[in-house]
Peer 1: 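Structure below; questions to follow.
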Amino acid sequence: MSLQSNLASFTTQLRAYAPAADLNVSSSPQQREKGRPHAAALQRDLRTEPGPIRFLIIALALIFLTVFVVLPLVVVFAQAFSRGINAYFSALAEPEALSAIRLTLLIAAISVSLNMIFGLIAAWAISKFDFAGKTILITLIDLPFSVSPVISGLVFVLLFGAQGFFGTWLQAHDIHILFAVPGIALATIFVTFPFVARSLIPLMQEQGTQEEEAAISLGASGLQTFFRVTLPNIKWGLLYGVLLCNARAMGEFGAVSVVSGHIRGETNTMPLLVEILYNEYQFVASFAIASLLAMLALITLVVKTILERRLDEGQMVSGD
Amino acid sequence: MAIEVNNIVKKFGDFTALDNVSLKVGDGELLALLGPSGSGKTTLLRIIAGLDWPEAGEVTIDGEDALGRGASERHVGFVFQHYALFRHMTVFENVAFGLRVQPRAIRKDEKAIRARVKELLDLVQLDWLSDRYPSQLSGGQRQRIALARALAIEPRILLLDEPFGALDAKVRKELRQWLRSLHQEIHVTSIFVTHDQEEALEVANRVVVMDKGRIEQIGTPGEVYDNPATAFVHGFIGESIVLPVDVSDGAVRLGGKPLNIAANGAAPGASKLFVRRHDMQIGPAGGGSLEGAVRHVRSFGPIQRAEVALAGSEGTTVIEIDAPRDRELQAGEIISLEPRRYRIFAVQE
């Protein structure tokens with residue numbers, strides 16, 4: 001049952017109660033004492049708060065949402081366009097901005113595609129097989145969520161930095177990981193790893209292995225089973241995970257900030273560039289980049305809602 | 001195809017699911033594996049299909065070793081308890097699946113696949129559903145589609161796990177008869193698992209009764225019903241009256257009082273007397289070895305079912321008997337009972 005259909009039935013219930021409530025007010029006390037024609041109204045009283053309190057709760061929620069979510073979003077766009085549309089687009093056309101956009105897209109492409117594969121493998125292993133250390137693996141998958149992103153970045157500095165674990169070896173072979181694309185990609189992969197696995201595990205656990213067993217007993221090979229049965233069954237969940245993973249990969253600041261080295265036009269991603277430009281009082285340019293990230297967030301939200309609806313439908317279809 | 005299962009042992013951790021099980025299934029048989037849950041019947045079926053592997057023992061299908069092959073190479077049709085239809089595929093694509101995943105060298109062309117699927121959907125009388133999705137079908141329809149899908153690969157043997165378990169009573173009955181006539185039509189060696197004795201007795205040529213990972217008895221429905229080999233089989237198949245008796249010197253005693261029946265070679269000691277509900281001869285008070293007061297009578301169809309309180313030295317025992325309608329019983333009436341047919345099994349320590 002989706003939230004929406006819940007809400008829909010709830011509002012029809014409210015509508016159904018409304019006339020009864022009116023009656024209740026206009027009818028005489030004796031009438032109210034006598035029969036029980038107002039059972040619906042009584043029920044309504046039990047279920048919902050009195051009018052003023054309801055109003056207060058809804059108002060509080062709306063005010064909170066406006067102040068903390070809508071207002072900042074509006075400010076971002078207002079600042080970005082404060083010197084007109086031309087200033088906005090020329091800020092985005094700056095070489096530094098273009099380089100940051102390119103780098104962000106590249107990092108997102110690398111980390112999302114790799115995490116899609118890793119997440120799928122991890123979810124597959126956890127939901128379809130029993131093995132020693134499964135609980136540890138499930139816990140480890142969540143590690144990137146529970147660690148501060150700055151620490152995540154620092155781990156890679158300790159591993160690949162000049163004084164780091166592999167530092168001397170990397171220098172001897174002239175391989176650049178830190179303050180270069182590989183480092184940023186690694187940090188982003190680490191931070192965004194849980195999304196795909198997390199969105200797939202419950203789905204795959206719920207679906208069980210029966211359809212796969214059926215496919216195998218019908219003569220399908222392992223690969224055929226995966227591409228014809230498993231993947232179609234989890235595609236919406238997979239897309240959902242990829243979407244969240246992508247949003248985080250593009251927006252990641254902390255971990256990337258530690259490993260990037262902030263080389264202008266080379267290792268600055270969009271979030272990093274927003275901060276740099278802001279610190280240099282280039283507000284229009286800073287908010288112009290920020291507005292792109294905000295738009296990404298809005299698009300993500302819309303797609304996420306659509307996918308959630310698909311997932312709900314998929315769950316209802318589950319054959320039994 | 002004949003199936004042979006020899007000395008199969010299967011453990012799940014400490015739990016022994018199958019304890020040295022051997023079984024021979026003849027070509028074209030329709031065999032039922034019957035037992036309570038946890039008796040190992042589904043595990044045995046999955047081992048034959050290649051979905052589980054035993055710790056020890058062997059399985060041959062038509063003389064060939066089966067354990068060396070994976071499920072996908074055994075050409076075994078398997079119908080799952082909850083059907084396991086591919087939920088993202090239409091009925092047509094579900095049935096066609098086994099044909100589409102065949103190696104290119106032997107795969108039929110699209111036209112032949114369509115013809116074969118049509119033929120199978122006709123066989124299960126559901127060709128009008130070919131464009132639907134599994135979620136749009138009723139339980140009975142899903143079951144038949146699952147069967148059509150399993151038959152598409154022209155399986156050497158057909159295995160069905162609780163084929164009617166998830167259906168309501170009326171549909172079950174229809175599908176039972178339908179499965180039996182289908183088996184007569186296609187004559188593929190089939191094994192089905194069930195916990196419902198009526199289903200096993202009505203559909204199968206032979207019934208294998210299992211309990212706690214062992215086979216208790218193999219026989220035709222008539223044999224397992226009329227000549228149960230063990231106390232478990234007698235208690236599990238058909239309703240039985242069970243009375244604690246003592247056997248000594250060829251006499252059978254209930255609560256110290258000798259009964260008018262022969263021990264039939266039962267070993268001396270504490271035993272259990274098994275009598276079918278309808279195998280109690282009813283007589284006037286004082287006319288038989290057992291005596292009791294009728295407490296309650298319910299009449300339906302050709303029988304009347306009576307609750308009778310047997311008075312004994314160790315309190316009263318209430319039993320249920322089925323009597324024909326030609327002698328009306330009244331609540332409160334004192335009657336005598338004499339087991340017409342019975343079996344005595346020693347109490348296992």
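Note on naming: letters A, B, ... go to the chains in the order of the sequence lines (proteins, then strands), and numbering restarts at 1 for each one.
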Peer 1: Please check if the number of heavy atoms outside B:Lys11 that lie under 6.0 Å from its NZ is greater than 12.
Peer 2: no
Peer 1: For chain B, which residues from residues 216-231 of chain A lie under 4.5 Å away (heavy-atom distances)?
Peer 2: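 Hits under 4.5 Å: A:Ile216, A:Ser217, A:Leu218, A:Gly219, A:Ala220, A:Gln224, A:Arg228, A:Val229.
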Peer 1: How long is the straight-line distance from CD of A:Glu212 back to CG of B:Leu51, given to the nearest 0.5 Å?
Peer 2: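 CD of A:Glu212 is found 12.0 Å from CG of B:Leu51.
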Peer 1: Does CG belonging to A:Leu298 count more than 12 external heavy atoms closer than 6.0 Å?
Peer 2: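 Counting other residues, nucleotides and ligands, CG of A:Leu298 exceeds 12 neighbours.
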Peer 1: Specify the closest pair of heavy atoms between A:Ala214 and B:Ala84, including all atoms of both residues, with the distance to one decimal.
Peer 2: CB-O, 3.9 Å
Peer 1: For chain A, which candidate among B:Arg46, B:Gln102, B:Arg74, B:Glu73 shows the most heavy-atom pairs at distances under 4.5 Å?
Peer 2: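 Answer, by heavy-atom pair count under 4.5 Å with chain A: B:Arg46.
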Peer 1: Could you measure the distance from the CD atom of A:Gln210 to the OH atom of B:Tyr83? Nearest 0.5 Å is fine.
Peer 2: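 Going from CD on A:Gln210 over to OH on B:Tyr83, the span is 11.0 Å.
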Peer 1: Under a 4.5 Å heavy-atom cutoff, which of B:Leu137, B:Val76, B:Val79, B:Val101 has the most pairs with chain A?
Peer 2: B:Val101
Peer 1: Given a strict heavy-atom distance threshold of 4.5 Å, which part of B:Phe86 is in contact with chain A: side chain, backbone, both, or neither?
Peer 2: both
Peer 1: Can you tell me which portion of B:Ala146 sits under 4.5 Å from chain A's heavy atoms? Options are side chain, backbone, both or neither.
Peer 2: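 Neither part.
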Peer 1: I would like to know whether A:Lys235 and B:His88 meet side-chain contact (heavy atoms from CB on, under 4.5 Å); could you show each step before the answer?
Peer 2: CA-CA 11 Å; A:Lys235 62 181 176 209; B:His88 62 286; 5.7 Å; no
Peer 1: Check this for me: B:Lys24, atom NZ, are more than 12 non-hydrogen atoms of other residues, nucleotides or ligands nearer than 6.0 Å?
Peer 2: no
Peer 1: Can you say whether B:Arg100 sits under 4.5 Å from chain A via the side chain, the backbone, both, or neither, judging by heavy atoms?
Peer 2: both
